[in-house]
Structure formats: structure tokens, C-alpha cells
Amino acid sequence: MTTTALRHESDHDAALHRFFRDLQERYGPQHWWPADSPWEVAVGAVLTQNTNWGNVEKAITNLKRADVLPPDRILDLPIDALAAHIRPSGYFNLKASRLRNVAAWWQANAERGFDVSEPLAALRRDLLHVKGVGEETADSILLYAFGRPTFVVDAYTRRVLSRHGLVAATATYGEIKALCEAALPPETGSYNEYHALIVRVGKLHCSPTPRCANCPLAWHLSDVVS
DNA sequence: TACCAGGAGAAAA
DNA sequence: TTTTCTCATGGT
């Protein structure tokens, strides 16, 4: 790698770092993930796939009211009954099946005691083997349920960062995750806040259309790195 | 009415 | 390997 490339990379890291720091200063702590337990985080992570969080809250409320939120209760429920409870979250047949898969994984690990010392990469690979758990869902569970320092990338992350010239619009999940993790110290607390902040600013100002409505972060456009 | 929301997996190209 | 399709409710 050339010196120029190194400096370029370092400038890019600095721009990303400054971007997240400014989000933090502007919007303050976000207090994520909204859940009463690590398991509820995992349930929310599945139910929120391509779905508005308000709808997810309705589905989780249904599960709580019926007293069937815990993983063992979910596994005991007929699939149709589970789907009926989570209906407000959309894709309910698909998500009922995915929720069962995650509950089975959770139960199996709980029975032999979650190994908190397991290397992050190994735990992540293990989670990704669960059908219905993709990269974002796995990282959300690892970060917000298990407190492991893994950066969560979602549709807002790609859109917000690419519109500010900090990642390519065509970058893959892994590429964006690697760029952010290279630029930011691996700290659970800050990864927690940064993802929540991205979602906050994404909801406020960075919808697909209209583009960049009243974006307060325009100064970062001067940081564009090609 | 049309669009959007804290994706993932299968099928098609 | 990359792109397209399917899954679905509820708010704006």
C-alpha cells in the first residue's frame, strides 16, 4: 500500500469518526435497544426486519399480553397461533418461523449456559446459521442483547453514510461494517449509540424520497472522499 | 393512492 | 456471481 493510500484511508477514518461524534453531540444519548431483556431484543431484531418499529411494538405487546414471549413458550405455540400474535409486524408467517428458529437456538444455548467468552466471530457465525438471521439481525442481537462490540449496518446506515460521501452507495454490508469498525474503537457503548443515532437522523432527514429533507449535517458533504 | 418501514432467503438471470 | 422476487401490516 502506498503512503498516499494510507493517508487517504486515514483521512477517511477521521471523516467517519467526526461524523459520528457530531451526531452524538447534536442528538445526545439514544438509550437503545428499547426492550426489557436480552431475549426481547432478539425478538425485536427479527420482527423489525423491513418493518416499522411501531408495528413491532404492537406484536411484542401481543406476545406479552398472551404471556408467550419467553423462548420456551414460543416453541410450545402452534405456528399459526404465533403468527396471529405477531400479525401487526407484517410478514407474520415468515417471521413466526424465524422466531421459532431463533427461540430454538436461544434455548439450546441457554441450556448449556451462554458462553460469554466465546470469540465474537465464532458467535456471529453461529447466529448466521439460524435460518432467518442475516447479518443485520445477527449484529443487532450481538450488540444490543449480548453487549458485544460489533457494528450494526442497516438501510439507514448505507443511505446516510453514502449521501455524505462516507461510503459508496454500492458498498456491501461487510464493506460498510469494516469501514466503520476501522474508523471507530471497538466499544460496545459507542457502537450502540452510533447505530441508534444513524437511525434517528435517518428517520428525521434521510428518507428515500424526498432526499435529504432539511438535513442538518450538510457540512459533512465537504468531507466527501472519492 | 402510493410510498415507506431498524431484511432475509429463494429463484432467476 | 449478481439481480430480482416474495413476504404483509400499518402509518403518512
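The sequence lines fix the lettering, A, B, ..., with proteins before strands; numbering per chain opens at 1.
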Colleague: Say we look at B:dC4 and C:dC7: how far apart would their C1' atoms be, to the nearest angstrom?
Modeller: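 Pairwise C1' distance, B:dC4 against C:dC7, rounds to 16 Å.
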Colleague: Can you classify the ring geometry of A:Y191 versus A:F151 as parallel (below 30°), tilted (30 to 60°) or perpendicular (above 60°)?
Modeller: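 Perpendicular, since the angle between the ring planes exceeds 60°.
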Colleague: I need the residues from residues 28-63 of chain A with at least one non-hydrogen atom less than 4.0 Å from DNA chain C; give them sorted by number, or say none.
Modeller: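 When residues 28-63 of chain A is checked for heavy atoms under 4.0 Å from DNA chain C, the hits, listed by number, are A:N50, A:N55, A:K58.
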Colleague: List the atom of A:H85, the atom of A:A66, and the distance in Å for their closest heavy-atom pair.
Modeller: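 Answer, listing the atom of A:H85 first, then A:A66: NE2-CB, 3.3 Å.
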Colleague: Can you pull the contact range of chain A along DNA chain C, 5' to 3', using atoms under 4.0 angstrom from its heavy atoms?
Modeller: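 It runs C:dC7 to C:dG11.
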Colleague: Under 30°, 30 to 60°, or over 60°: which ring-plane class applies to A:W32 and A:H195, parallel, tilted or perpendicular?
Modeller: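 Aromatic pair A:W32/A:H195 classed perpendicular.
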Colleague: Name all pairs fulfilling the ring pair (Phe, Tyr, Trp, His ring centres under 6.0 Å) condition that reach into residues 40-73 of chain A, sequence neighbours left out, sorted by first residue then second.
Modeller: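 Matches after skipping sequence neighbours: A:W33-A:W53.
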Colleague: Check the hydrophobic clustering (I, L, V, M, F, W, Y; side-chain heavy atoms under 4.5 Å; chains of links allowed) and say if A:L120 and A:V152 are grouped together.
Modeller: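 They do share one cluster, since a chain of ILVMFWY contacts under 4.5 Å joins A:L120 to A:V152.
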Colleague: Residues in side chain to side chain contact (heavy atoms under 4.5 Å, CB included) with A:N50, at least two apart?
Modeller: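 Scan of A:N50 (side chain to side chain contact (heavy atoms under 4.5 Å, CB included), adjacent residues dropped) gives A:Y91.
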Colleague: For the backbone of A:A155 and the side chain of A:T157, can you confirm whether one donor and one acceptor N or O come within less than 3.5 Å of each other?
Modeller: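 Not confirmed, A:T157 side chain does not pair with A:A155 backbone.
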Colleague: Heavy atoms within less than 4.0 Å of DNA chain C: which residues of residues 85-109 of chain A have one? Give them sorted by number.
Modeller: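 A:R87, A:P88, A:G90, A:Y91, A:F92, A:N93, A:L94 - these, ordered by number, are the residues of the stretch whose heavy atoms sit under 4.0 Å from the strand.
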Colleague: Taking atom P in both B:dA11 and C:dA8, compute the distance separating them and give it to the nearest angstrom.
Modeller: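 It works out to 16 Å between them.
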Colleague: Mind checking whether A:F114 and A:W106 have parallel, tilted or perpendicular rings, split at 30° and 60°?
Modeller: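 Ring orientation of A:F114 relative to A:W106: perpendicular.
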Colleague: Can you tell me, in whole Å, how much space there is between the C1' of C:dT12 and that of B:dT1?
Modeller: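 Straight-line distance between the two C1' atoms is 12 Å.
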Colleague: Side chain of A:Q49, backbone of A:G132: donor and acceptor closer than 3.5 Å?
Modeller: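 Yes; at least one donor-acceptor contact below 3.5 Å.
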Colleague: Between B:dC3 and C:dC5, how many Å separate the two P atoms, rounded to a whole number?
Modeller: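 After rounding to an integer number of Å, I get 15 Å for this pair.
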Colleague: Check DNA chain B against residues 123-130 of chain A and give the residues with a non-hydrogen atom under 4.0 Å, in numerical order.
Modeller: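 Nucleic-acid contacts, sorted: A:V130.
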Colleague: Considering only heavy atoms of chain A and a distance under 4.0 Å, specify the first and last nucleotide of DNA chain B in 5' to 3' order that meet this criterion.
Modeller: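 Answer, 5' to 3': B:dC3 to B:dA10.
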Colleague: For A:L69, which residues count as a side chain to side chain contact (heavy atoms under 4.5 Å, CB included) partner, sequence neighbours excluded?
Modeller: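 Per chain and number, A:L69 pairs via side chain to side chain contact (heavy atoms under 4.5 Å, CB included) with A:W39, A:E40, A:V43, A:L63, A:K64.
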Colleague: Using a 4.0 Å cut-off on heavy atoms, which residues in residues 138-159 of chain A reach DNA chain B? List them by number, or say none.
Modeller: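 Those residues whose heavy atoms fall under 4.0 Å from DNA chain B, taken from residues 138-159 of chain A in numerical order, are A:D154, A:A155, A:Y156, A:R159.
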Colleague: On a heavy-atom basis, which atom in A:P208 and which in A:R163 lie closest, and how many Å separate them?
Modeller: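 Here A:P208 and A:R163 meet closest at O-NH2, 3.3 Å.
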Colleague: Just wondering, do A:C180 and A:F20 contact through their side chains at under 4.5 Å, heavy atoms?
Modeller: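 Sidechains of A:C180 and A:F20: in contact.
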Colleague: Would you mind reporting whether A:R98 and A:V133 have side-chain heavy atoms less than 4.5 Å apart?
Modeller: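 In short, these two side chains do not touch, never coming nearer than 4.5 Å.
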Colleague: Answer yes or no: is there a donor N or O on one side and an acceptor on the other, between the side chain of A:R100 and the main chain of A:L77, under 3.5 Å?
Modeller: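 Confirmed, A:R100 side chain pairs with A:L77 backbone.
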Colleague: Do side-chain atoms of A:E175 reach the backbone of A:T172 as a donor and acceptor pair under 3.5 angstrom?
Modeller: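 It does hold such a pair.
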Colleague: If you measure from CG on A:D154 to CD1 on A:I198, what distance do you get to the nearest 0.5 Å?
Modeller: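 If we round to the nearest 0.5 Å, A:D154:CG and A:I198:CD1 are 8.0 Å apart.
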Colleague: With clusters defined by side-chain heavy atoms of hydrophobic residues (ILVMFWY) lying less than 4.5 Å apart, directly or transitively, does A:L127 cluster with A:L75?
Modeller: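 As far as the 4.5 Å side-chain criterion goes, A:L127 and A:L75 are not connected within one cluster.
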Colleague: So does A:E135 pair up with A:K177, basic N to acidic O under 4.0 Å?
Modeller: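 Between A:K177 and A:E135 there is no salt bridge, as every charged N stays at least 4.0 Å from the carboxylate O atoms.
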Colleague: Does any residue of residues 196-209 of chain A have a heavy atom under 4.0 Å from DNA chain B, and if so, which ones, in number order?
Modeller: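 Nucleic-acid contacts, sorted: A:V199, A:K203, A:P208, A:T209.
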Colleague: Any residue in residues 170-185 of chain A with a heavy atom nearer than 4.0 angstrom to DNA chain B? Just list them by number, or reply none.
Modeller: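 None, since no heavy atom is under 4.0 Å.
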Colleague: Under the 3.5 angstrom rule, does the side chain of A:R159 hit a backbone N or O of A:C206 as a donor-acceptor pair?
Modeller: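 A pair under 3.5 Å: yes.
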Colleague: Go through it in stages, so that I can follow the logic: the residues are A:N192 and A:E187, the test is side-chain contact (heavy atoms from CB on, under 4.5 Å), and I'd like the CA-CA distance, side-chain angles, deciding distance and then a yes or no.
Modeller: CA-CA 8 Å; A:N192 177 323; A:E187 298 165 352; over 6 Å; no
Colleague: With A:A168, which residues qualify under side chain to side chain contact (heavy atoms under 4.5 Å, CB included), at least two apart?
Modeller: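 Checked A:A168 against side chain to side chain contact (heavy atoms under 4.5 Å, CB included); matches are A:T170, A:A171.
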Colleague: Say you pick atom P in B:dG6 and the same atom in C:dT2; how far apart are they, in whole Å?
Modeller: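 It works out to 28 Å between them.
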Colleague: Please say yes or no: joined through hydrophobic side-chain contacts below 4.5 Å, possibly via intermediate residues, are A:L47 and A:L94 part of one cluster?
Modeller: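 Not linked; separate clusters.
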Colleague: Would you indicate whether the side-chain heavy atoms of A:V201 and A:Y156 approach each other to under 4.5 Å?
Modeller: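 In short, these two side chains do not touch, never coming nearer than 4.5 Å.
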